[in-house]
2 protein chains.
Amino acid sequence: MSLRHAMLGLLAERPASGYDLMKRFETSLTNVWPATQSQVYGELGKLAKTGLLEVVAEGPRGRKEYAITAEGRAELRHWLAETRPERSHRNEALLRVFFLDLLTPLEAVAYLATEAERAAELRAELEQVGEKVDWDDGPLSVNGRLALEYGLRLRAMQEEWARWAAEQLGGAGAAESEAGKS
Amino acid sequence: MSLRHAMLGLLAERPASGYDLMKRFETSLTNVWPATQSQVYGELGKLAKTGLLEVVAEGPRGRKEYAITAEGRAELRHWLAETRPERSHRNEALLRVFFLDLLTPLEAVAYLATEAERAAELRAELEQVGEKVDWDDGPLSVNGRLALEYGLRLRAMQEEWARWAAEQLGGAGAAESEAGKS
DNA sequence: GTTGACATGTAATACGTTACATGATTCG
DNA sequence: CGAATCATGTAACGTATTACATGTCAAC
């Protein structure tokens, strides 16, 4: 149930409307906790009803600005300081690895090579993000820098692993390919 | 919808009952694609109804042994060879990093230190798994070795990152702590 | 006046978790 | 005969995705 905490966290910095929050989910949080518009509006309603948020202003076009309450801050702190994060970690790309023997060796190597390339691409995208962000833009950007570094290291690791794994199979793949030729 | 493909993949090796599959989810696949008993039985029913699986034997205690059909193999191959894995990647531990400024510097550093320790623990657990597995036990164990290496590298990366991140904040935390003392 | 950004919501569907519910067989 | 394991299923609830549905305001 971390969507709730993501929203409380964003609102802890400053009040915002559902629309505002959506934009922040799409930018900074998109890589760690994606959320859809439906989810955000739905959860705003629930959080307001349970007193963790309150509507502090209404603007044009039915705009409702929400702010975190003392109770909301308490819940957020509790989550941050007194609970351990879940590490469920479903990983479709890795699931496929378990079944790679159902492909030909060449196909399997190709899969791993594509994974390596994709990791490199994602890494490059993150580097772009890093260059665009204003690092003097408050605490969220300081923390964002830490999260960004995690992403860079993760993608680097994934690329290296995929190349290593391809090599592990590559022996077999290459051998079979060579055998086919001779 | 990868639960379905995980099940097809396991059944591609050999036929099994829901109960058998559960055990395999709890051991080899638990780290990449956890599944509950409810899910497994539910999905078995759906897969049989759509013709991707069939019941090939009935045993004591109502045991039903399922085998993958030609259609099921086709679907599995299609998934493996012709679709790209999803990389949605919700990460609660990293979400918290964005809000670390809501804790005191010392609390934040403590959070990262705990994360580093947890990563080290998980890495040690994986090493244990690696020592117990019979690596000459068919294709699934060959692939499992690749997946295991991914896990080892991931945990090592996480530990290093968390220590690095703690150091980044640690300057501030230590300085404030020192300031408080003086 | 029309396009684009702002702004909020609901409905249908699927996926996942927990708890409930039941019973058969084997082994000591 | 009692405990452990084998074995299957349903129900309730919560979370997530997609699509639908509506309407306002500002700027050109």
Side-chain angles (χ1 to χ4, degrees), chain A residues 1-8 10-11 15-27 29-50 52-66 79 85-92 95, chain B residues 1-8 10-11 15-27 29-50 52-66 79 85-92 95:
Chain A
M1 231 206 340
S2 293
L3 171 66
R4 129 169 338 195
H5 298 111
M7 289 174 57
L8 288 172
L10 290 174
L11 288 167
S17 68
Y19 192 87
D20 296 338
L21 286 177
M22 268 313 297
K23 280 190 294 187
R24 296 171 75 186
F25 269 99
E26 278 160 19
T27 54
L29 291 191
T30 199
N31 291 299
V32 297
W33 206 269
T36 62
Q37 183 248 37
S38 288
Q39 267 184 298
V40 168
Y41 283 107
E43 194 67 29
L44 276 175
K46 282 184 220 163
L47 288 169
K49 206 158 55 183
T50 57
L52 303 185
L53 296 182
E54 58 184 346
V55 177
V56 288
E58 309 215 7
R61 282 166 292 212
R63 180 178 210 271
K64 280 184 273 184
E65 195 167 67
Y66 292 87
W79 173 70
E86 245 194 63
R87 231 166 281 275
S88 66
H89 202 232
R90 277 192 176 78
N91 187 333
E92 191 189 328
L95 174 62
Chain B
M1 234 208 335
S2 293
L3 170 66
R4 128 169 340 195
H5 298 112
M7 289 173 59
L8 288 172
L10 291 174
L11 288 167
S17 67
Y19 191 86
D20 296 338
L21 286 178
M22 269 313 298
K23 279 190 294 188
R24 295 172 76 187
F25 269 99
E26 278 160 19
T27 54
L29 291 191
T30 198
N31 291 299
V32 297
W33 207 270
T36 62
Q37 183 248 38
S38 288
Q39 267 185 298
V40 168
Y41 283 108
E43 195 66 29
L44 276 174
K46 281 185 222 164
L47 287 168
K49 206 158 56 184
T50 56
L52 303 185
L53 296 182
E54 58 184 346
V55 177
V56 288
E58 309 216 7
R61 282 166 290 214
R63 180 178 211 270
K64 281 185 272 184
E65 196 167 66
Y66 292 87
W79 173 70
E86 244 193 63
R87 233 167 281 276
S88 66
H89 202 233
R90 277 194 175 77
N91 188 333
E92 192 189 327
L95 174 62

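Every heavy atom of this structure was used, including side-chain atoms; hydrogens, water molecules and symmetry mates were not. So you know, we letter chains A, B, ... as the sequences are listed, proteins then strands, and number each from 1.
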message = Assess whether a salt bridge exists between E92(B) and R90(B), defined as any Lys/Arg side-chain N lying under 4.0 Å from an Asp/Glu carboxylate O.
response = no
What's the [atom1]-[atom2] distance between [X] and [N], to the nearest Å?
X      : N       : atom1 : atom2 : answer
Q37(B) : dA7(D)  : CD    : P     : 13 Å
R4(A)  : dA16(D) : CZ    : P     : 11 Å
M22(B) : dC6(D)  : CE    : C1'   : 13 Å
E43(A) : dG14(D) : CD    : P     : 12 Å

Rounded to the nearest 0.5 Å, how far apart are [atom1] of [X] and [atom2] of [Y]?
X      : Y      : atom1 : atom2 : result
T30(A) : K23(A) : OG1   : NZ    : 15.0 Å
M7(A)  : F25(A) : CE    : CZ    : 6.0 Å
E43(B) : L21(B) : CD    : CG    : 11.5 Å

How about [X] and [Y]: do any of their side-chain heavy atoms sit closer than 4.5 Å?
X      : Y      : value
D20(A) : Y66(A) : no
L53(B) : L8(B)  : yes
K64(B) : L44(B) : no
L11(A) : L47(A) : no

- Query: Base, sugar-phosphate, or nothing for S17(A), non-hydrogen atoms under 4.0 angstrom?
  - Reply: sugar-phosphate
Look at the side-chain N and O atoms of R90(B) and state whether any lies under 4.0 Å from the OP1 or OP2 oxygen of dT17(D).
-> yes
| said: Check the phosphate of dT15(D) against Q39(A), side-chain N and O only, distance under 4.0 Å to OP1 or OP2. Yes or no? | reply: no
Side-chain contact check for W33(A): nearest option of dA16(D), dT15(D), dA19(D) is dA16(D)
Among dC6(D), dT10(D), dA19(D), the one nearest any side-chain atom of Y19(B) is dC6(D)
Nearest heavy-atom contact between A35(B) and V40(B) is CB-CG2, 4.2 Å
Polar pair under 3.5 Å, donor/acceptor by atom type, side chain T36(A), base dT18(D) = no
Its 5'-most and 3'-most nucleotides having an atom under 4.0 Å from a non-hydrogen atom of chain A, DNA chain C is contacted over dA5(C) to dT17(C)
If each end axis of the helix from dG1(C)-dC28(D) to dG28(C)-dC1(D) is fitted on five C1' pair positions, the angle between them, to 10 degrees, is 10°
Residue pair R61(B)/P60(A) against DNA chain C: nearer the 5' end by closest nucleotide is P60(A)
